[in-house]
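What you are looking at is a predicted structure, and each value in this text was computed from that prediction instead of being measured.
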Amino acid sequence: MEPVEITEDGLLLRPWQATDADAVYRACQDPDIQRWTTVPRPYRYEHAQSFVADRARQWELGTGAAFAVCDAASGEVLGACGLKTIDRNHELSEIGYWTAPWARGQRVAVRAVRAVARWSFDELKLRRLLWGAEVGNHASRLVALRSGIRIEGRLRAADPAGGAHEWFGTLLPGDVPAPGEVGPAGPGTLDARRAAVFGRPQPTLFATTGTHELSLRPMDERDLDAIVTTCQDPDTLRWTTVPEGYTRADAEDFLRFVRATWAAGTSVNFVFTDAADRYAGSIDLRLSATDPLLADVGFMTAPQARGRGYQPAALAALCTWGFTTLGLARIEWRANVGNVASRRAAEKAGFAMEGTARGALHHRGTRVDAWVGALLAEDLS
């Protein structure tokens, strides 16, 4: 396949050259590139030399089309974008990209993906491009959305080495936005806001009961013994669905789960702690898979921390964060009918009770009625 150059939207995309090894070596020292791509670690200069040589051979063999993404005016290397493989039988390929740290925040990857996609469909006559990224790589996901890629699901244990899960999506010829067009997931959209949130480490929030200050922070290993004690408590077992005979292994599984759901951007779990950073309870916000403005909340309080007003304070702080940071419009609360302590906490945090839903919850092998309440964003104004 003959090498080509593409000039579009302020970028020059050209085949890699031996002289690009310096820029590749410098870019691949970046922690984000090392975290989310398969580049060798540590990344040495000979790796950069092999990279540019291998990408040139792909053109000769017709197996791929790798472009150095450059500024059209200065020629500076800004990143990489290209087709990893080209399957002529099925008329498809997989697209990949990275942006050098000195070029971020300029929509370089979005412009490059759109340009390569247009060339792939118009000149190579491909009918579909595939995209994949490790779950948690929200920057790559946002680029994909802005390039017109439709994210279609998640592959479990997609990486044979580390077992990481992977988002996957596809791009068809009619999906690519025009040069200069904002397209989907533009600045200020819900997708962009949440990519900024979940693409960073989980924050710490603060709440006060009037006499006590609480911290809402990510769960970690120091909390596990207290979580086991809480989950073995008779009231916790009565009103929640934690496993009976709760063990340290259950707590460790739960810690892995909450870290994975933060990476996926599907839910948020905090522990809330007292002024001495002692575990006082857990609270989570689970985003709806069908309504991007809806979430539901769940919580439990450690036995020694009950009756102190901790739970309503933590609940109010979390909901405020959900409305202001995640852009939610409605947060729902549900509890088994009879769970008066949970209801009081929700009401003190401002939730309005909306009624009783028959058979709404699955609880230890049976369906049970649930009280239902909700808090709306405008309730805080």
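Residues in residues 68-86 take part in these salt bridge (Lys or Arg N to Asp or Glu O under 4.0 Å) pairs, two or more places apart or across chains: K84-E94. Within the structure, salt bridge (Lys or Arg N to Asp or Glu O under 4.0 Å) pairs that include any residue of residues 257-276 comprise E221-R259, D274-R278 (at least two apart or interchain). Among pairs with a residue in residues 17-34, those fulfilling salt bridge (Lys or Arg N to Asp or Glu O under 4.0 Å) read R14-D20, D30-R104, D32-R104, at least two apart in sequence or across chains. The list of salt bridge (Lys or Arg N to Asp or Glu O under 4.0 Å) pairs with a residue in residues 51-65, not counting sequence neighbours, reads D54-R57.
For N339, the side-chain hydrogen bond (donor to acceptor under 3.5 Å, both in side chains) criterion is met by no residue, not counting sequence neighbours. Every residue two or more places apart in sequence or in another chain that forms a side chain to side chain contact (heavy atoms under 4.5 Å, CB included) with A295 is listed here: L285, L287, L328. Every residue two or more places apart in sequence or in another chain that forms a side chain to side chain contact (heavy atoms under 4.5 Å, CB included) with A360 is listed here: R334, A357, A370. Judged as a side chain to side chain contact (heavy atoms under 4.5 Å, CB included), and not counting sequence neighbours, the contacts of T324 are T320. For the side-chain hydrogen bond (donor to acceptor under 3.5 Å, both in side chains) test, residues two or more places apart in sequence or in another chain that qualify with D87 are H90. Partners of Y310 under the ring-ring contact (aromatic ring centres under 6.0 Å, His included) rule, at least two apart in sequence or in another chain, are H212. Residues satisfying the side-chain hydrogen bond (donor to acceptor under 3.5 Å, both in side chains) test with R343, not counting sequence neighbours, are E347. With sequence neighbours excluded, the residues that form a side chain to side chain contact (heavy atoms under 4.5 Å, CB included) with T241 are H363.
Taking each heavy atom of F206 and E213 in turn, the nearest pair found is CD2-OE2, 4.5 Å.
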Given R88 and I86, is the side chain to side chain contact (heavy atoms under 4.5 Å, CB included) satisfied, shown in steps? CA-CA 6 Å; R88 295 291 188 179; I86 300 174; 3.8 Å; yes
Can Y25 and Q29 be said to form a side chain to side chain contact (heavy atoms under 4.5 Å, CB included), step by step?
CA-CA 7 Å; Y25 173 72; Q29 303 309 309; 3.1 Å; yes
Under the side chain to side chain contact (heavy atoms under 4.5 Å, CB included) rule, what do I283 and L318 come out as? Steps first, then yes or no, please. CA-CA 8 Å; I283 187 167; L318 177 61; 3.5 Å; yes
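Here F198 and W262 bring their ring centres to under 6.0 angstrom of each other.
Looking only at atom types and distance, the side chain of Y279 has no donor-acceptor partner in the side chain of T229 under 3.5 Å away. Under the 3.5 Å distance criterion, with hydrogens and angles disregarded, a donor-acceptor pair is assigned to the side chains of T301 and Q311. Residues S342 and W333 bring a donor and an acceptor atom of their side chains to less than 3.5 Å of each other.
Salt bridge present: R222 and D277 bring a charged side-chain N and a carboxylate O closer than 4.0 Å. For the pair R156 and E166, the salt-bridge criterion is not met [side-chain N within less than 4.0 Å of a carboxylate O]. The existence of a salt bridge linking R248 and D225 is confirmed by a sub-4.0 Å separation between a basic side-chain nitrogen and an acidic carboxylate oxygen. With respect to the salt-bridge test (charged N to carboxylate O, under 4.0 angstrom), the residues R35 and E134 qualify.
Under the 3.5 Å distance criterion, the side-chain polar atoms of Y97 are left unmatched by any main-chain donor or acceptor of V143. Counting only distance, with no hydrogens or angles, the side chain of Q34 and the backbone of C28 share a donor-acceptor pair below 3.5 Å. A donor-acceptor pair under 3.5 Å links the side-chain atoms of R364 to the main chain of L237, judged by distance alone. With hydrogens and angles disregarded, no donor-acceptor distance shorter than 3.5 Å links the side chain of R194 to the backbone of T189.
Note on ring orientation: taking the six-membered ring where Trp is involved, the planes of F257 and F254 are parallel (angle under 30°, cut-offs 30° and 60°).
Taking 4.5 Å as the limit, every side-chain heavy atom of F270 sits out of range of all side-chain heavy atoms of S215. Put simply, the side chain of V297 does not reach to within 4.5 Å of the side chain of R286, judged on heavy atoms.
Summarising the local packing, CZ of R367 is surrounded by more than 12 heavy atoms from other residues, nucleotides or ligands at distances under 6.0 Å. More than 12 heavy atoms of other residues, nucleotides or ligands lie within 6.0 Å of CD in E378, so this atom counts as buried by the packing criterion.
Side-chain heavy atoms closer than 4.5 Å link hydrophobic residues (I, L, V, M, F, W, Y) into clusters, and following such links, even through other members, never connects I95 to W16.
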